[in-house]
Amino acid sequence: MKAAALLLAGSMALAACASDESDSGSGGGSGSGGNDELMIGLAFDTGGRGDKSFNDSAYAGVEAAVEELGLSMEDNVQTLSPNDDASNRGELLTQLAEQGYDPVIAVGFNYDEIIADVSQDFPDVTFAQVDGSNADGAKGDNVTGLLFAEEQGSFLAGVAAASKTETDNIGFVGGVQSPLIEKFQAGFEAGARAVNPDITIQSQYLSPAGDFSGFGAPDRGYSVAQGFYQNGADIVFHAAGGSGEGVFQAAVEANKRAIGVDSDQWQTASPEQQAVIMTSMIKRVDNAVMESILSVANDEAEGGTDVVYDLESDGVGLSTSGGYIDDIADVVEDYRQQIVDGSITVPTTP
Amino acid sequence: MVVILNRAVPLFLAGLAVSVAFRMGLSNSGVEGQYRLATILSAAAGAAVALPAPLHVLLIIVVAMLVGAFWAGIVAVLKVTRGVSEVISSIMLNFIALGLASFLLTGPLRGSEPGASIITTADIPESGWFPGLNGVFGALGLAEPRSELYGFLLVAAVAGIVIAVLVKRTRFGFDLRATGMSPSAATASGVDARGMVIKTMLISGAVAGLIGLPDLLGSSHHYGTEFTTGLGFLGIAVALLGRNSPVGIALGALLFGFLDRAAIPLQFEGIPASVVTIIQGTIVLAVVVANEIARRITRRQAERGGVQSAPPTSGDGSTDGGQGPGGPPPDPGAAVGTGTGPGVRSGAADGTRGGQQ
Amino acid sequence: MTESAPLAVELRGITKRFPGVVANSDIQLRVHRGEVHAIVGENGAGKSTLMKTLYGMHRPDEGEILVDGRPVSFRSPADAIEAGIGMVHQHFMLADNFTVLENVVLGSEPTRGGRLDRAEARRRIREISDAYALGLDPDTLVEELGVGDRQRVEIAKVLYRGARTLILDEPTAVLVPQEVDELFGNLAELKREGLTVIFISHKLDEVRKVADSITVIRRGTTVGTADPATTTAKQLAELMVGAELPVAQKRDSTVRETAVLQLREVSVAAPGGRPAVDDVSLTVREGEVVGIAGVEGNGQAELVDAIMGLRPLSSGTVLLGADDITAWSTRHRREQGLGFIPEDRHRQGMLLEAPLWENRILGHQTRPPAVKGAFIDRKGARADTARIMREYDVRAPGPDTAAMALSGGNQQKLIVGREMSARPRLLIAAHPTRGVDVGAQSVIWELLKDARAEGMGIVLVSADLDELIGLSDTLHVMLRGRLVATLDPARLTPEELGTHMTGAASTAGAA
């Protein structure tokens with residue numbers, strides 16, 4: 001009993017002194033940063049750094065901006081990850097704002113409600129939210145929504161898949177059944193049907209709404225993709241975050257093709273997976289984050305609106321690493337032009 | 001401070017729910033599903049009606065408790081009638097509850113607009129909100145904190161007291177503890193083991209139903225895809241940490257709440273957030289191990305010391321020897337926790353070494 | 001007293017303290033080589049502490065231990081074994097699904113090339129078995145063995161490890177009379193081979209039969225030695241308890257007309273096919289003790305469970321007074337006047353980890369003084385526990401002591417006191433004095449007799465034939481689930497009863 005109490009007390013002390021130090025430390029940090037130098041705060045969504053997906057992509061954007069501005073990652077940037085159940089998202093933003101970070105960038109639509117609350121408490125801080133809309137300004141004048149036309153990029157992915165399939169059978173694996181991921185599905189299916197109206201498309205989500213495990217379950221991604229391949233699909237597009245790893249693995253084993261998402265996943269894949277990653281639907285979160293930071297640095301941030309990254313602004317698109325879709329580059333470009341022209345309107349719900 | 005308390009309230013309720021079952025030797029691993037289902041249904045019920053404020057809140061609480069109890073009751077009925085291990089059935093029911101909650105959320109109970117990224121139930125009208133306690137800070141002359149202290153804290157405290165009295169002071173609680181200590185002796189004493197399983201699980205489930213309400217009634221006012229998950233499992237850890245005593249669980253919940261919120265300052269120092277999870281796990285493991293060792297030592301001492309020659313009570317049998325060589329480990333939490341704040345702080349001061357080894 | 005040959009074991013002034021208690025003080029013990037030396041004393045007198053000291057399970061605070069005349073200091077049982085001292089525990093420590101051979105060698109396996117050398121082990125076990133007439137087959141599974149054989153396996157285990165001095169802790173507690181005789185035969189063999197046996201017991205007749213010398217312990221210290229040839233059991237017992245003691249002897253019949261319990265054609269199913277209780281009918285009247293005799297495992301336990309409502313009947317009815325209680329719950333039965341002294345007090349009678357006052361409540365959760373309405377009356381329960389401790393001579397520091405800290409006899413007295421305090425109409429006493437010392441035994445007997453005189457009906461299930469004959473007004477013999485004989489205890493010897501129990505006699509017993 002005694003030992004337990006001691007240990008308990010000990011770890012509390014450990015945590016307590018850590019938090020004490022952090023107070024003084026960050027106080028100094030913001031002091032040295034002062035008003036002239038930009039202090040960038042980045043709050044991740046569940047998964048945090050190292051998800052090889054939009055969290056990492058956002059981080060890359062910060063890195064790029066820091067380099068552009070000649071700042072230092074160590075002195076001018078603070079990143080925070082939420083706890084396991086992500087119940088402290090509000091605290092992440094509040095703490096960053098309180099410690100003098102400006103701009104504060106939140107990654108993920110899960111910050112929707114919270115950012116609206118926190119932005120009111122800190123009217124002088126500039127906020128930006130990746131994947132969150134502030135078109136009507138309801139989240140406050142100091143919040144910019146960084147939106148992506150995922151459906152447009154996914155449309156091209158569907159075009160590529162339908163053009164390259166030999167079985168007229170393709171698949172879509174969604175991480176979590178949510179409006180955001182449904183945009184991917186809608187665009188992908190529309191693109192594929194635009195090329196071949198009779199194509200078979202298998203679609204499945206790894207977890208239902210409210211259960212975010214589908215973004216981090218490679219085992220489930222693997223088994224779903226495996227099922228698709230066995231049912232005759234030869235190309236599977238995933239929008240499932242970390243679960244995509246399983247999709248690629250299934251593609252390797254079935255000797256079929258897969259399409260990556262968010263970043264150019266061919267770049268970070270193992271050689272055997274590079275052989276199957278036909279293309280990736282790139283979502284330039286990094287560009288969005290970088291531009292958002294630069295606009296603050298240049299005092300050009302508007303706030304109270306959305307910045308939409310679409311095909312026209314190259315905010316979304318297809319990667320060409322590996323050269324697998326070079327032969328259909330014309331077709332893809334043709335459809336891209338039609339979307340940019342507005343002659344094709346891509347649906348956002350399946 | 002407020003955020004720690006706000007985090008600790010649901011954890012406390014979760015620990016309490018688990019501990020009631022633990023006391024009887026039952027493992028309610030289904031707290032997670034019970035509270036998720038209870039929260040969404042009570043949120044829907046709260047949004048569907050308009051009542052005067054106190055009644056509205058009461059209705060939501062009652063619905064949540066009933067749903068939680070019902071879901072836990074399935075586990076109990078399966079155990080009593082079919083002999084299904086409650087661990088297995090409650091975990092299975094977790095999956096069903098989560099699926100059901102998702103279905104309800106995206107289907108019949110969807111209250112958010114079609115395009116919204118976060119899917120939620122409809123908002124509960126203001127009469128169904130639980131007022132916060134920040135007024136207390138004002139009354140005490142303290143600065144009002146940025147976030148609102150959940151008023152549900154009071155409900156949790158009442159629940160803690162009710163459970164403590166129920167378990168320690170009532171006949172029912174005696175039956176419950178007796179069954180936990182020795183099922184065979186309890187049965188021989190006339191305890192209806194099956195009935196106890198059902199009643200205990202109903203109580204555990206009813207408390208579990210409350211877990212989501214601090215957030216629901218205090219801040220979010222709807223259940224949605226971003227609603228805090230995993231509290232049911234943390235509850236098991238908190239119950240272990242608090243050694244099933246309500247006071248201990250309260251301390252355990254505060255500790256977990258504190259550690260959880262410490263993740264942010266730690267990150268400012270460049271220490272990854274996962275360190276907190278590691279510390280939490282280490283603490284629970286250490287406490288469980290230490291508990292077991294302490295239990296064995298007291299047991300051995302009691303057996304050795306007592307069996308030999310307990311001095312005769314020579315007549316009066318007074319209670320002079322209250323500290324017999326081996327009382328059952330009472331609740332050490334009570335000893336540590338009578339003065340929450342200072343107790344913890346002084347413990348922290350001299351416990352640094354313990355924590356760093 | 002002193003002889004020229006060094007003593008096998010000598011203890012000088014051993015004192016052992018536990019927090020708040022002095023378990024042993026100034027113990028003097030001299031055990032000669034090649035003798036059976038009995039240590040007798042009431043439960044709780046300090047015998048077990050003493051033996052644990054000698055076996056290295058803990059170290060004495062004062063005094064010294066000499067083995068073969070040399071002072072030794074044991075840090076663990078391994079040291080004691082090294083010095084040639086082995087212990088046979090009261091509760092066997094055998095793995096049921098292992099063979100005799102595997103159990104014997106467990107922990108000190110002979111190996112050849114890293115593997116268990118079965119041939120060598122088998123040879124040595126046979127050797128030991130033959131030398132001491134243990135009659136063990138190394139390849140039998142332990143689960144197939146009877147209690148006596150298991151005990152011999154334990155003895156073989158100790159001998160296998162080279163023990164020259166054996167400590168036997170209450171070895172006869174678990175044995176039936178025939179097995180006791182066999183054990184004594186084995187002890188004689190051991191003695192003939194020059195081994196020393198320290199025999200702990202509180203059964204004085206046995207001690208006098210088998211021991212060469214006796215040391216008596218009372219209240220933690222040695223109060224004297226005795227020569228079994230010249231000391232009577234009564235003298236020994238008085239030495240043990242420090243006072244004169246009663247015998248199980250009935251007073252005049254107090255049987256009244258009114259029946260308190262009637263079993264009508266009661267049967268209890270058993271998983272194995274043959275019913276555990278088969279068509280049993282019996283009546284217990286007010287003021288009557290009805291004894292159930294029988295070799296254990298013949299349905300007595302199931303019969304007791306059936307009366308208490310702990311086990312469903314397959315057929316038949318149970319009447320308490322005029323009420324048909326067949327469908328009643330255990331709690332309802334208890335509330336309506338059934339008292340229960342269970343056979344296994346640790347499993348059914350007590351919450352070992354709970355304090356005594358909570359144990360006072362157990363089984364009486366619905367009645368004062370333990371409860372007030374829906375609440376536990378802590379004060380009332382504590383006060384009443386103190387009263388029970390006083391009136392029933394339960395020796396413990398106080399009502400807040402954990403039950404496990406009490407000796408078996410004191411635990412049992414608490415249970416008896418608790419059940420008696422509720423003034424039941426019918427008391428079921430299953431082995432009420434099992435594992436209890438002489439002092440507590442006589443107290444419990446007196447209590448049962450007093451209760452009987454006041455008109456309580458008692459069902460007495462026991463394996464102690466003297467107890468059955470001495471206390472019962474009517475005696476039924478149970479064999480394979482059936483009542484096979486009804487005997488008059490007034491005209492019955494233990495030997496006759498024993499024959500009935502094994503089914504050897506015709507069922508035409510006296511009515």
Side-chain angles (χ1 to χ4, degrees), chain B residues 23 25 165-196 295-330, chain C residues 16 18-24 44-46 48-49 52 58 219-220 308 310 329-335 340 342 347-355 358 361-366 371 374-376 378 382 385-387 389-390 393-402 404-407 410:
Chain B
R23 279 281 188 155
V165 169
L166 184 76
V167 169
K168 288 219 138 173
R169 297 295 172 105
T170 64
R171 264 164 48 184
F172 174 81
F174 182 86
D175 287 355
L176 190 147
R177 283 182 297 132
T179 313
M181 279 188 268
S182 167
S184 53
T187 314
S189 85
V191 175
D192 171 15
R194 295 164 155 229
M196 286 304 292
R295 202 180 63 85
R296 286 190 190 173
I297 290 174
T298 38
R299 195 182 177 109
R300 193 166 306 161
Q301 277 178 349
E303 276 172 355
R304 276 190 188 169
V307 169
Q308 318 312 338
S309 69
T313 42
S314 62
D316 69 336
S318 64
T319 53
D320 54 1
Q323 304 302 332
Chain C
K16 178 71 190 174
F18 292 109
V21 194
V22 180
N24 283 157
S48 301
T49 308
K52 283 178 180 168
H58 54 225
R219 298 262 160 101
M308 284 309 297
L310 296 170
S329 68
T330 303
R331 170 158 292 167
H332 194 182
R333 290 175 197 218
R334 277 181 168 274
E335 284 169 352
F340 184 32
R347 226 174 69 77
Q348 294 196 298
M350 309 219 92
L351 303 173
L352 287 173
E353 289 164 30
E358 288 196 337
I361 302 171
L362 190 71
H364 305 266
Q365 287 100 315
T366 50
V371 293
F375 289 89
I376 298 283
R378 294 181 157 208
R382 280 206 178 87
T385 307
R387 178 190 63 79
M389 291 171 65
R390 200 162 56 233
D393 189 32
V394 180
R395 294 177 190 180
D400 289 297
T401 312
M404 66 180 157
L406 268 61
S407 69
N410 283 315

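Please read all numbers here as calculations on a predicted model, not as lab measurements. Residue numbering restarts at 1 for every chain, and letters A, B, ... go by the order of the sequence lines.
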Please report the shortest heavy-atom distance between [X] and [Y], naming the atom on each side.
X	Y	value
C:Leu351	B:Ser182	CD2-CB, 4.0 Å
B:Ala185	C:Gly349	CB-N, 4.4 Å
C:Glu358	B:Met181	OE1-CE, 4.1 Å
B:Phe174	C:Leu362	CZ-N, 3.7 Å
B:Ser189	C:Gly363	CB-N, 3.2 Å

(message) Does any part of the side chain of C:Thr330, heavy atoms only, come nearer than 4.5 Å to the side chain of B:Thr187, both counted from C-beta?
(response)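 A side-chain contact is absent here, since even the closest heavy-atom pair is not under 4.5 Å.
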(request) May I ask you to test the C:Arg331-B:Asp175 pair for a side-chain heavy-atom distance under 4.5 Å? (result)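 When only atoms from C-beta onward are counted, B:Asp175 and C:Arg331 do touch, with a gap below 4.5 Å.
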(request) Select one option (side chain, backbone, both, neither) describing which atoms of B:Val165 are under 4.5 Å from chain C's heavy atoms. (result)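 The side chain, not the backbone.
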(message) Determine whether a donor-acceptor pair (N or O, by modelled atom type, separation under 3.5 Å) exists between the side chain of B:Arg169 and the backbone of C:Arg378.
(response)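 Not confirmed, B:Arg169 side chain does not pair with C:Arg378 backbone.
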(request) Could you tell me which portion of C:Thr366 (side chain, backbone, both or neither) has an atom closer than 4.5 angstrom to a non-hydrogen atom of chain B? (result)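 Contact with chain B is through both the backbone and side chain of C:Thr366.
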